[in-house]
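One structure is given below, encoded as structure tokens.
Since we're looking at a predicted model, the values are computed, not measured. To find a chain, count down the sequence lines: A is the first, B the second, and so on, and within it residues start at 1.
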Amino acid sequence: MAPAIATMRRAGVPAKTLLVGVPALLALLLSLHDLTSLLPPNLWWTALTAPDISDPAQLLYRYAFLPRIAASILAGAALGLAGALMQHVLRNPLAEPTTIGTNAGASLALAAATLYAPWLLAGGREAVALAGGALATLAVFALARGRNFSPVSIIVAGLVVSLTFGSASALLMALNREYTEELFIWQSGSLVQNGDAAIGSLAPPLLFAIGAAFLLLKPLRLLDLEDDGAASLGARPAIIRLAGMALAVALSALVVAEVGVIGFVALAAPALARLAGARRLVQRLILAPLVGAALLWFTDRLVQELSFAAEVPAGTATALLGAPLLLFLLPRLRSAPQAQAVPAPSARWTRPWLPLAIGLIALALAVAVAIGFGRTASGWHWVLSADLPELLALRTPRVVVALAAGTLLAIAGTLMQRMTGNPMAAPEVLGISGGASFGVLTLLVLSDGFDRTAMLGAALAGAAAALAVVMLAARRNALSPERLLLAGVAVATVASAFAALLLASGDPRMDFLLAWLSGSTYRATTADAVTAALVAAVVVAAAPLTARWLDILPLGETTARGLGLRLERTRAVLLALTALATAMATLVIGPLSFVGLMAPHLARMLGLRRAVPQLLAAAILGALILVAADWAGRTLIFPWQVPAGLLAAFVGGPYFMLLMWRGRQ
Amino acid sequence: MVVSLGATPIAVGDIRGYGDWVQGPALPQSTIDLGSRSEPNLELLTELRPDLIAGAYGYGLDQSLFTHLAPTFNVPFYMSKAAPYAQAQQVTLELGEVLDRRPQAQRLVESVDATIADARAVLAKRPQKPLCVVSMFDDRHVRVYGAGSLLQDVLDRLALTNAWTGATNEWGFSTVGIEQLVAVGEAQLISLDPIPQHIKIRIDRSSLWANLPCVRNGQVRTIPPVWPFGGLAAAGRFAGFLAAA
């Protein structure tokens with residue numbers, strides 16, 4: 001197909017037309033093909049205007065087939081527009097409803113309403129999703145306000161809010177497993193329709209949003225200037241951003257409410273539009289919705305053609321198809337402006353050993369409490385000598401695994417953040433955790449059984465494959481940080497979409513998957529504990545050896561080269577170390593999404609900025625967080641248990657927000 | 001299954017879920033909650049010193065987690081190619097052996113067989129349409145039970161026809177969009193409780209749902225909860241509910 005496209009381009013057909021035209025044409029052909037087998041063409045018009053609903057074919061045509069096509073086009077367009085707006089406003093090619101917390105907020109609101117106030121949903125999910133999405137986004141903006149809504153601070157805040165809200169809804173779902181089937185289905189993003197309702201709720205707001213976007217065109221264009229430049233022209237960048245974001249958030253919350261979480265369209269449509277040469281904002285605002293609509297329509301039709309035992313929801317399919325596309329296109333994407341580092345408090349330690357020693361003592365105390373103090377049917381107890389061997393056998397592997405995983409993730413996160421100079425970097429974002437879960441998920445699909453050894457192997461293979469894919473996609477330009485992140489996000493998205501698909505399948509083994517994905521130590525064995533502890537020891541010993549690189553890399557590429565650093569090799573070594581740490585942690589405790597991101601930040605906020613002190617402090621903090629979370633998860637709602645990873649994100653997220661809030665002036 | 005043999009479990013996982021989705025046989029008041037079904041509390045289990053730990057191992061719960069606490073008994077549903085009903089009979093007898101309640105197990109097998117035979121006799125007196133058994137979790141999708149499910153086995157024994165002949169997964173069900181119910185034509189739709197109230201309201205508003213051939217003529221029948229992955233007690237409940245009314 002590529003040579004054909006090249007020929008057409010030489011013949012003067014612009015890339016922009018091809019980008020929309022090719023998927024749209026394919027979608028149209030597929031739709032016509034399906035339509036013809038459903039209903040003879042001479043009935044199409046009659047069945048649309050005055051359907052004979054006693055005829056099943058006309059019923060399907062009128063109330064299922066056509067609404068589904070319309071919903072896919074409308075939702076795709078809405079996501080394309082939302083993505084284009086967000087990426088422009090936030091000046092970040094990674095911005096989409098998922099990265100800025102909108103989807104997580106809408107999901108939490110819907111999960112809470114389903115479980116505790118279902119009457120709110122009787123009229124539809126729109127109001128609840130909108131409230132949740134808007135609330136989450138407002139929280140993000142409140143956190144970023146002190147920094148004048150700078151793009152990076154919004155993305156970081158969005159990530160933190162997403163993790164916190166996401167862990168809260170996962171918590172609700174884990175504790176009410178049998179009551180959340182609806183949410184699993186909805187989360188996987190299905191375009192199945194049961195009448196015209198979705199069209200009625202999607203079309204008018206979309207038209208309104210398109211109108212509003214074009215009214216805002218002129219002020220939005222000013223955002224291309226630096227903030228100071230825009231302000232000197234009399235514009236208020238913060239207000240413009242707010243307006244643009246409000247529009248984008250409303251659109252994405254609406255789509256979430258109507259059809260569920262459709263990943264990747266909002267990310268891919270504007271990116272594709274830019275690649276096709278839509279340099280000006282107005283071009284992107286026109287092209288991105290068209291691309292989004294064509295993409296979603298085509299994807300949904302394609303999924304219908306392939307036959308599986310269960311329906312593949314469109315949300316899963318877009319992520320599965322879109323991510324490789326993004327990986328393929330990455331090398332051609334022009335670099336976006338460098339991310340700015342998050343300002344940290346000015347406290348510096350001349351003798352970093354003091355806080356490190358305090359941290360170690362705190363960690364030792366935490367381990368003692370985690371192993372020795374707990375809850376039984378009769379209340380809270382220190383371990384009595386009689387129960388000692390039994391309880392130790394149960395608790396020690398869990399505590400050791402939490403300790404080792406916390407250490408490994410924190411070190412992996414510190415390495416990533418120092419190497420890329422991007423405060424969003426974390427093992428989860430690099431896609432290694434995603435790759436590991438992808439391996440486990442694939443194993444679950446391919447086999448009926450449940451073999452722990454095979455699972456470990458699959459996770460390791462997945463992690464290695466993800467690393468290979470990410471390195472390959474980002475190889476040009478000496479593994480530039482942004483491409484690494486984008487490639488990692490693509491892998492992580494595929495894995496989470498895949499997980500959503502399996503969770504929606506209702507397979508009884510999914511209880512385990514849910515526990516693993518949320519970071520439970522429940523299944524930790526002695527062998528797990530020993531392996532994890534050994535790897536953690538090796539990584540802790542090896543990481544400080546890279547200290548010189550880690551101190552130089554954040555100074556920027558030019559400086560690093562000037563100081564004689566061989567960037568490609570340095571990065572490869574650091575990546576390998578990160579991959580080992582992440583894969584091991586993921587194997588024993590699942591793809592946690594908190595510790596690797598937060599621990600290095602906390603270490604820096606405590607004033608430990610040089611490489612070695614930051615590494616060690618992050619390792620101690622990471623271990624402390626997970627050991628504490630594991631203990632709390634085992635005891636707080638005894639005999640029920642909360643996975644350590646969920647609890648860490650649920651408690652640590654707000655704490656991190658508080659730090660950001662205080663540090664914003 | 002333990003309860004249906006007349007034994008009293010000290011503890012089970014997720015008591016609230018059992019009450020909402022399984023219901024029968026009722027658990028004794030004294031039963032202690034062990035936490036979620038996917039992560040029953042091991043420390044509490046240790047403390048309770050049970051005589052036997054029965055569970056469906058293999059779906060994320062490793063039998064080895066429990067073997068050092070007490071003798072374990074595996075309920076291997078859907079693990080082999082055998083039909084779920086025959087498996088349920090087999091496992092009931094095995095469990096009777098282990099619990100030293102062989103006569104009770106034998107009696108349970110016979111009484112469920114008898115319940116199903118009675119139900120079959122009742123149903124044979126009136127003309128029966130093909131059935132389609134669904135669980136509703138959402139206003140756009142249903143879970144439909146077919147080949148390979150316990151419910152299918154019971155339908156076969158009742159000489160009833162399952163109108164859903166589409167593909168199912170290893171556990172005998174499939175999650176499909178409601179438009180696919182067109183495939184079951186005018187079959188009678190059997191909907192398993194519980195259905196969340198807000199889903200009921202939204203389903204009633206759907207123009208597609210209201211006009212499905214199996215819905216239009218008032219063919220939808222709601223029956224009390226039956227755990228579709230359960231044992232003989234669930235099978236007996238299902239047969240009884242179908243014959244009632």
- request: Output yes when a side-chain donor or acceptor of Y63(A) lies under 3.5 Å from a complementary backbone atom of L212(B), and no otherwise.
  value: no
message: Please check: side-chain N/O of R140(B) versus main-chain N/O of Q193(A), any donor-acceptor pairing under 3.5 Å?
response: no
- line: Under 4.5 Å to a heavy atom of chain A? For E47(B) that would be side chain
field: Set of side-chain hydrogen bond (donor to acceptor under 3.5 Å, both in side chains) partners for S4(B), sequence neighbours left out
entry: none
Portion of V259(A) that has a non-hydrogen atom of chain B nearer than 4.5 angstrom: both
- prompt: What part of L59(A) gets closer than 4.5 Å to chain B, counting heavy atoms only: side chain, backbone, both or neither?
  reply: both
Reported CG-to-CZ distance for the pair N211(B) and R62(A), which is rounded to 0.5 angstrom: 10.5 Å
- request: Go through T114(A), L394(A), I637(A) and name the one with the most non-hydrogen pairs under 4.5 angstrom from chain B.
  value: L394(A)
message: Is P194(B) in contact with chain A via its backbone, its side chain, both, or neither, using a 4.5 Å heavy-atom distance?
response: neither
statement: Residue set satisfying ring-ring contact (aromatic ring centres under 6.0 Å, His included) with F65(A), at least two apart, ordered chain then number -> none
message: Determine whether Y522(A) and L42(B) satisfy the following criterion, side chain to side chain contact (heavy atoms under 4.5 Å, CB included), listing intermediate values before the conclusion.
response: CA-CA 9 Å; Y522(A) 184 80; L42(B) 292 176; 3.6 Å; yes
message: How close do L44(B) and P639(A) get, counting heavy atoms only, and between which atoms?
response: CD2-CB, 3.6 Å
- line: Bottom line for I199(B): the part with an atom under 4.5 Å from chain A's heavy atoms is side chain
message: Quiz question: by atom type and distance under 3.5 Å, do the side chains of W640(A) and D33(B) form a donor-acceptor pair?
response: yes
- prompt: Within a reach of under 6.0 Å around CG of D51(B), are more than 12 heavy atoms found that belong to other residues, nucleotides or ligands?
  reply: no
- prompt: Looking at E39(B) and Q641(A), what are the two nearest heavy atoms and their distance?
  reply: O-NE2, 3.1 Å
message: At a 4.5 Å cut-off on heavy atoms, which part of R16(B) comes close to chain A: side chain, backbone, both, or neither?
response: both
Closest contact, heavy atoms only, A64(A) versus L208(B): CB-CD2, 3.9 Å
